[in-house]
Structures are given as structure tokens and as C-alpha cells.
Protein chains: 2
Amino acid sequence: MPLKLNDKDPDFEAVFTSLLAQKRDEDKNVDAIAADILADVRARGDAALLDYTRKFDRLEIAEASGLRLTKAEKTEAIRSCDNETLEALKQAAGRIEDYHRRQMPADALYQDDAGVTLGYRWTAIENIGLYVPGGRATYPSSVLMNAIPAKVAGASRLVMVVPTPDGVINPMVLAAADLCGVDEIYRIGGAQAVGALAYGTATIAPVDKIVGPGNAYVASAKKQVFGTVGIDMIAGPSEILVVADGQNDPAWIAADLLSQAEHDPVAQSILITDDAAFAGNVEAAVANHLSTLARAEIAAASWRDYGAIIVVKDLARAPALVDRIAPEHLELCVDDPESLAAEIRHAGAIFLGRYSPEAIGDYVAGPNHVLPTSRTARFSSGLSTLDFVKRTSLMKLDAASLRRIGPAAIALAESEGLGAHALSVSIRLN
Amino acid sequence: MPLKLNDKDPDFEAVFTSLLAQKRDEDKNVDAIAADILADVRARGDAALLDYTRKFDRLEIAEASGLRLTKAEKTEAIRSCDNETLEALKQAAGRIEDYHRRQMPADALYQDDAGVTLGYRWTAIENIGLYVPGGRATYPSSVLMNAIPAKVAGASRLVMVVPTPDGVINPMVLAAADLCGVDEIYRIGGAQAVGALAYGTATIAPVDKIVGPGNAYVASAKKQVFGTVGIDMIAGPSEILVVADGQNDPAWIAADLLSQAEHDPVAQSILITDDAAFAGNVEAAVANHLSTLARAEIAAASWRDYGAIIVVKDLARAPALVDRIAPEHLELCVDDPESLAAEIRHAGAIFLGRYSPEAIGDYVAGPNHVLPTSRTARFSSGLSTLDFVKRTSLMKLDAASLRRIGPAAIALAESEGLGAHALSVSIRLN
């Protein structure tokens, strides 16, 4: 049974606060193990990769050259893919590319009142490592979402790592990689793959930034190599928050809640509504859907352990609660979703109106489906083209403009006791 | 003596590679200590802050309420500041604000061919924690550089922490905080201050993001709380790379090299020139300046241990070397710096021409002086207004547009085995 809250209950604030504090991430002590693996890959390179792949993926690779997938393997895998699915993948890729092209930031260059030329310019991060999980959570859509912004930004080299437990790989993942122009694919995963991308080995040249989701060991390894390379955010379990009035079809809303719940037993689905009877109907519809869904076991566990239904007196009270939850995905299933959205500040993505189910954003809408989880939408954004570029500040002075603003620099440098700073300006003024 | 390289030497590539691999950060094992302090602050709150402040800053504070600086303390401190320096600070603040306002990103909203409304909007990160180092490296200019972009972005609450060893604080730091509209100031530092900002205590409400430089313990603590809050980059020791032809005054270039060297014994200053005689003259000018500079001891140690002079046959060879160094600060002291800059991809900031000393960017030019160090300009950017906002994706479909793109979402969801995802779309199409 999901948690039930009503904002007229006297203990509402206490229960809501405990909901926010709930920890869904497993708190295993993975850092030490990941650190050991990273150190080993750094020291032994390819030999360590072969050992860990044998150990964790039960895959025997005789030589380091066998870590890389061959062109023939890729071609054969893609030939086995279903045509309708490939077409859907292409449609998705086109829409994702279009959206992300619009995120490409513009350079700036201007001269100000003091005659100083100022600006900045953006350039691509050149070598991108793309982590793709193997096994259960291997999603071709995630390949698109991580690789396309990198390509749009202008990355010159895209390196994908994907573990192949017992040698099995999802051919659609290879099709997605092919569609995105991934340059190299290696059959490695875990902290060892992160180490290979960050430090490089004899076979794998190092990258500049690593993106993509992974398990706890991958997340820990990424955090540990941060600084040597860039990383994207650390993703937690997925979440959806649906704000819905009583005018929705309960079966639609129930399907939306389950679309996150089916990801993971520790995923979280929350409904906020102003209609208690509707809330009950949604709950019944969830039970009904669960009787037919393939992933019912996972979805039921998530809904039972982490699901919540919050009944509020008035939907005008929803935005304050939404901001405290700071959800990864927010659906506003009401007649005027724009007005409600205007009151909300923290959400990874907002799905407006009754015909915008969250799943459309997972695949084909265009925006990225890599979004901030676990209340991190308070301070971070979904993956975007901006994550694959970096900015260089530009400034140019001449003798006249240096004369105008130089004296203030000298005064401040002297007050900070930095004599060479002051000298480097004053020597040009004398 | 700085390292001397000439690209005609047979061992040039080997020596240059070893220069890149040089580690200037101290490699103390600080993580465990920082982790203990964080856990203690999380468990004991204000009591832990009082204990660590007594221990590390030799400062006895009787009650938690004494952690916060009073308005009277701030007013009195600011009254003691030199007027000319205050005026310089204001001029700097105005120019920094103007530059950072131009970085504020624009929202987007459009309808595409399929009738799908797509876009994104930017909102401020609300609560910003600003770490300001105490002691030797306490710079009012850094307060401006960290606080102004946050204010420009629209942060509603700016919280500054600054350790006051033996009770001493730099009044100019308080003047800078006042100028930037900092809301709260606490006299705490180290990993304990990071913990207080991330987790909150009875006295200090938690923030959403922590920015600002600190020592190794602060850097480790920031890395450890990443995820609970946002953090800025982890800054290493400062660096400058000057590319100069023989037409420069050697004394000017020597001052520029020393302006980074004087920051820290592990700072790094590198000169690339095509004129061996000029290189010698710069080296002599460095020695000459060192005889008069207040921080000569620090600057001399940095120049001796980490300085380098690289003579190349032709400045056309410089860009490839620059990109491999990926410097924090790059000066291009040549007649046509724009052409040279166009060949370079990785640098935190570029100072164009002979009248743009790096120090002008530290104080009054306008761009941020918080820049990527230790070759991280390959994948990261200087601090900017963008670091204080986050983006929410927006999408809205109606029945007609869902009919157009929904089938592809269903096909992909089914291929990924995610039945509730497919159901949430198909149920709206039937």
C-alpha cells in the first residue's frame, strides 16, 4: 500500500517531511571496492580489464584487442534488429537532435564603455566516454540521450563502454550507437570501465568526460575520477510526481505512476490531487494494471514501498509541496497547466496537460531523459548540449583602456598583498 | 631554475610529457579526516562547529548564536577600510556584474512540425553557500567573483562562511560581502563549515549549492557532500601560460609570470616563445623583479620548482602545445592574438595582446577569475552565471500530436520491455 497523506491531517507536515527524508539509494560501502579497482586499472591497464571482465561478466577474452567490438560484430547485430523498432529509434534520434541543437550556446564579443573588449567562446569537449549499463537496464534510448548532445556539441571522439555479461549484448544498443556515430565500443563495464576511460590503457585512449548511468560501483568510480575527467551528475532511482485534478481518467494516471515504478523497486511515484475519490480510483486502477503488466513485480514493490498519494484541499497548495519534493519528472494533468507550472521552481522536466505522459519524454519528445533525481533539481539540470561544451573567457585591452581600469586593479592587488599582480599592471602604465 | 625546453631537442616530447604529468597538488590523505568531521557536524550540529572552531581556529565561542557575525561587527569592520580600496572594489563589482548579466541564459518555447510544444526555462538556485578562505589566502576579490554571479542569477539567500583564525578577519572581505548583498556570515571554516552548509545545523539553515575555494580539507569535504548539494569545480593551484614573441618588453612578461608564481609555491608559470634571446632576457627580468617583491620567497620557489621556458622554432607550433597544457590563464602577447587564439581550443581564459596582463582579469576586467586548473579546461569552464541557475525541460502534447509521435514511443518502450511506459501512451491513443 502506498503512503496516504491528507494536508488537513494534523500530522501532515511531519509525515511529508519524513517522505522527503526517505533514503532510497542503497547505502553499501562501495567506495573502497571501486577505489581498489580504479587503482588496479591505473596500474595494470588492459590486464586488469581482462581480469575484471572474466570475474564480473564471466567473459573470457584472450587478448586486449578483443575488448573492442569489431565492425562485423556491430553489423551483424544491427541486421538482427526489428525494422519497426529501428524506424522508431531513428524518429526519436531526429527529434532529440533537433531539440539539442537549439541548446547550443552562442559566443559573445563586445567592447564596453572603458574600451575593453570582452566576451567568451564555446568549444566542444573532444573525447567523450559513454557508459551504457548491461543486463536488465540496458536501454538503447539512453544511448541516444547521452550520445546525441555530445555529437551536437561537436565531440570529435565518442567512446562507448558496455558490459556484456556472459557475452550477451542488446543489438538495439549497438544500433543506437551506430545511429549516433559512436566511434569505439568496448565490452567492459563497472568501475574498471570508468578507470579505463579516465586513465586510459594501452588499448583505450583516455577521454575528457564520462557520462551515462550505472550501478553503485560505477557511480562511486565516476565520483572518484572527477577532476581527472569531467563527469555528469550522479543519478539516483527514478521518480515521478503527478499533480492531477479529478477530471482525469484514473487509468491514465495509474499508468503514468507505474511507468516510473516499473523501472526499479526503489523508484518512486507520487500523486497529488485535490479529489479524494479520484485518488481512490487511481489506486484501484494501479491494482488493475498490475494484473497485466510484465514488470508487475518490480512496479508493485516500488508502489508499495515508496509510492504516495497526497490529497490536498486545493491544487493551489500543490506548488509548495512540489518544490519541496523537487521531482525528476512532474506531470501537471489539469486544464491550465501553464499557470500551475509558473508557480513551481524545482523540477527536472514538466509534462504539461493531460496528453503528455512522462514516457513520451523518455523516448521521442526531444528533451533529454537524463534528469536530476533525489531532490537535486534544486540545484542541477538535465543532461544537455551544455554538458559537452566548455567556455573560454576572452579579454583584450589596449594602452588607453588599461589606463582606465588598471589603477583599480593595482589598488586591489596591493590591498591583497600581491605585489607582482600590481606590478604587471603598473609596469605597463609607466 | 625553471625547466628549459627547446622543441628542436631530441628529448623534447619526453620532457614536455613529463611536464604535463607533473603533480603539484599535495597528495595528503585528507579524505578520511574530512569524512569524520562531516559526520560529526551532521550528528552534533552547532556543538561540533564550536569544538572545531576552538581546535582549528583557536577561537572560543560560548554559544552557537555567536557563530554569526553581527551587523555591528560588519559595520565597524567596513568603517576601518581604506576609501581608495573600497572605491576600487566598487568599480570591480560593477564591471563583474555587467559581464555576468550578459551570461544569463534565455528561456525557449516553440512548437515543432509534429505540433509538440517544447522548450525549457531557467530558474535560480535559491540558497547559495559561499566558502571564503581565512588567513593568508583571504581575498575580497574572490568574494566578488563568487557572490556576484549568484546574485545576478537571482539567488534568494547567500550564506558566507569564513574562518577567523585567532579571531582575525580581513575587513575588506566583509566590505565585499556587504557590496554583494551577502545575507548571513558565519565565522567557521574547514570541512566543518562545508558540513554545516550542506546538512544545516540549528543555527545555520542548509543551502542548495556550495561554491568557493578552500584548502585540501575543504575540497575533499565539498566532493563528499556533492549530491546532497551542488558544488563548483575543485580548484587546484593557479597557473599561467604566456605565449610571447621577441617584441615584448621582457620585464612586462616577467611580471606576468611572477603574478601567478606569487600565489603559491606550487603555482606554475610557463613561457612559450620563438626567441631564445628574449627567453633569456625574461629569465633575467624575473630575477630582477624578485629582488624587490614582497612575496619573493613564494614566487621564487614556484618559479624554481614548477616554472618552465619553452623555446619553439615558430609560434605556429604553440597552439598544439597550449592545448596539451590546457592552461587556466593564457596570455597571447603577439601582434595578432586573435589569429593565434582561433587555433587554440583549451584554455580557461585568454588574455589577448600586449596590454592585457592576467592580473587585470583577477580584479576588474569583468570575467570570472575562478577558472579551471590542472588541465581541466579540457572539459570545464570558469565560474559563471550558469553555475547558479538550473533548467527545467518543458513539453506539451495534445491528442493530435501524441498520435503523431506516440507510436514510436510505444515501439521503443516495448523493445525495452517497459510495458507501463507503452501503456501510458497507448491508453491515451485508444
Side-chain angles (χ1 to χ4, degrees), chain A residues 84-85 88 91 118 123 125 139 141 172 208-209 227 230 234 252 255-256 258-259 262 293-294 345 347 349-350 352-353 355-357 359-361 363-367 378-382 390-399 402 405 408-409 411-412 415-416 419-421 423-425 427, chain B residues 84-85 88 91 118 123 125 139 141 208-209 227 230 234 252 255-256 258-259 262 293-294 345 347 349-350 352-353 355-357 359-361 363-367 378-382 390-399 402 405 408-409 411-412 415-416 419-421 423-425 427-428:
Chain A
E84 192 206 352
T85 318
Q91 189 183 349
L118 293 169
T123 43
I125 302 175
Y139 297 138
S141 57
M172 282 297 290
D208 300 311
K209 183 163 185 168
I234 303 293
W252 294 15
D256 299 353
L258 288 169
S259 73
E262 75 174 343
L293 286 172
R345 291 163 299 177
I350 303 181
L352 298 150
Y355 282 89
S356 310
I360 208 78
Y363 296 109
V364 295
R378 291 173 295 125
F379 56 80
S380 60
S381 311
K390 70 296 195 281
R391 200 185 54 253
T392 298
S393 308
L394 302 172
M395 54 209 102
K396 184 178 189 182
L397 288 83
D398 57 15
L402 187 64
I405 69 168
L412 290 170
S415 87
E416 292 184 353
H421 283 66
L423 175 64
S424 72
V425 178
I427 201 169
Chain B
E84 190 207 352
T85 318
Q91 188 183 349
L118 293 170
T123 43
I125 302 175
Y139 297 137
S141 57
D208 301 310
K209 184 162 185 169
I234 305 293
W252 295 14
D256 299 353
L258 288 168
S259 73
E262 74 174 342
L293 286 172
R345 292 163 299 177
I350 303 181
L352 298 150
Y355 282 89
S356 309
I360 207 78
Y363 296 111
V364 295
R378 290 173 296 126
F379 56 81
S380 60
S381 311
K390 71 288 194 294
R391 198 185 54 253
T392 298
S393 309
L394 301 172
M395 55 211 102
K396 185 178 189 182
L397 289 83
D398 57 16
L402 187 63
I405 69 169
L412 290 170
S415 88
E416 292 185 355
H421 283 66
L423 176 64
S424 71
V425 178
I427 201 170
R428 286 170 163 91

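Numbers restart at 1 for each chain; the letters A, B, ... are given by sequence-line order, proteins then strands.
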Among [options], single out the residue with the greatest number of heavy-atom pairs under 4.5 Å to chain B.
| options | result |
| --- | --- |
| Thr85(A), Thr123(A), Leu412(A), Leu423(A) | Leu412(A) |
| Leu258(A), Leu394(A), Asp256(A), Ile234(A) | Asp256(A) |
| Arg345(A), Glu84(A), Met172(A), Lys209(A) | Arg345(A) |
| Ala411(A), Gly227(A), Ala399(A) | Ala399(A) |
| Ser141(A), Pro357(A), Ala409(A), Ala255(A) | Pro357(A) |
| Gly382(A), Ser415(A), Ala349(A) | Ala349(A) |

Do you know which two heavy atoms are closest between [X] and [Y], and how far apart they sit?
| X | Y | answer |
| --- | --- | --- |
| His421(B) | Glu262(A) | ND1-OE2, 2.6 Å |
| Asp208(B) | Phe379(A) | O-CD2, 3.1 Å |
| Ser424(B) | Ile427(B) | O-CG2, 3.7 Å |
| Leu118(A) | Ala365(B) | CD1-O, 3.4 Å |

Between Met395(B), Arg428(B), Arg391(B), the one whose heavy-atom pairs under 4.5 Å with chain A are most numerous:
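It is Arg428(B).
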
Report the option among Leu397(B), Val425(B), Ile125(B) that has the most heavy-atom pairs separated by less than 4.5 Å from atoms of chain A.
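The option with the most such pairs is Leu397(B).
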
Just how far is it from atom OH of Tyr139(A) to atom OH of Tyr363(A), taken to the nearest 0.5 Å?
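Reported to 0.5 Å precision, the distance equals 7.0 Å.
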
Ignoring hydrogens and geometry, is there a side-chain-to-backbone donor-acceptor pair from Gln91(A) to Ala408(B) under 3.5 Å?
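Checked: no pair found.
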
Can you tell me which portion of [X] sits under 4.5 Å from chain B's heavy atoms? Options are side chain, backbone, both or neither.
| X | answer |
| --- | --- |
| Asp398(A) | backbone |
| Leu293(A) | side chain |
| Ala294(A) | neither |
| Ser393(A) | both |
| Ser380(A) | backbone |

Sort Ile350(B) into side chain, backbone, both or neither according to what part of it lies under 4.5 angstrom from a heavy atom of chain A.
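It is both, since atoms from each part get that close.
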
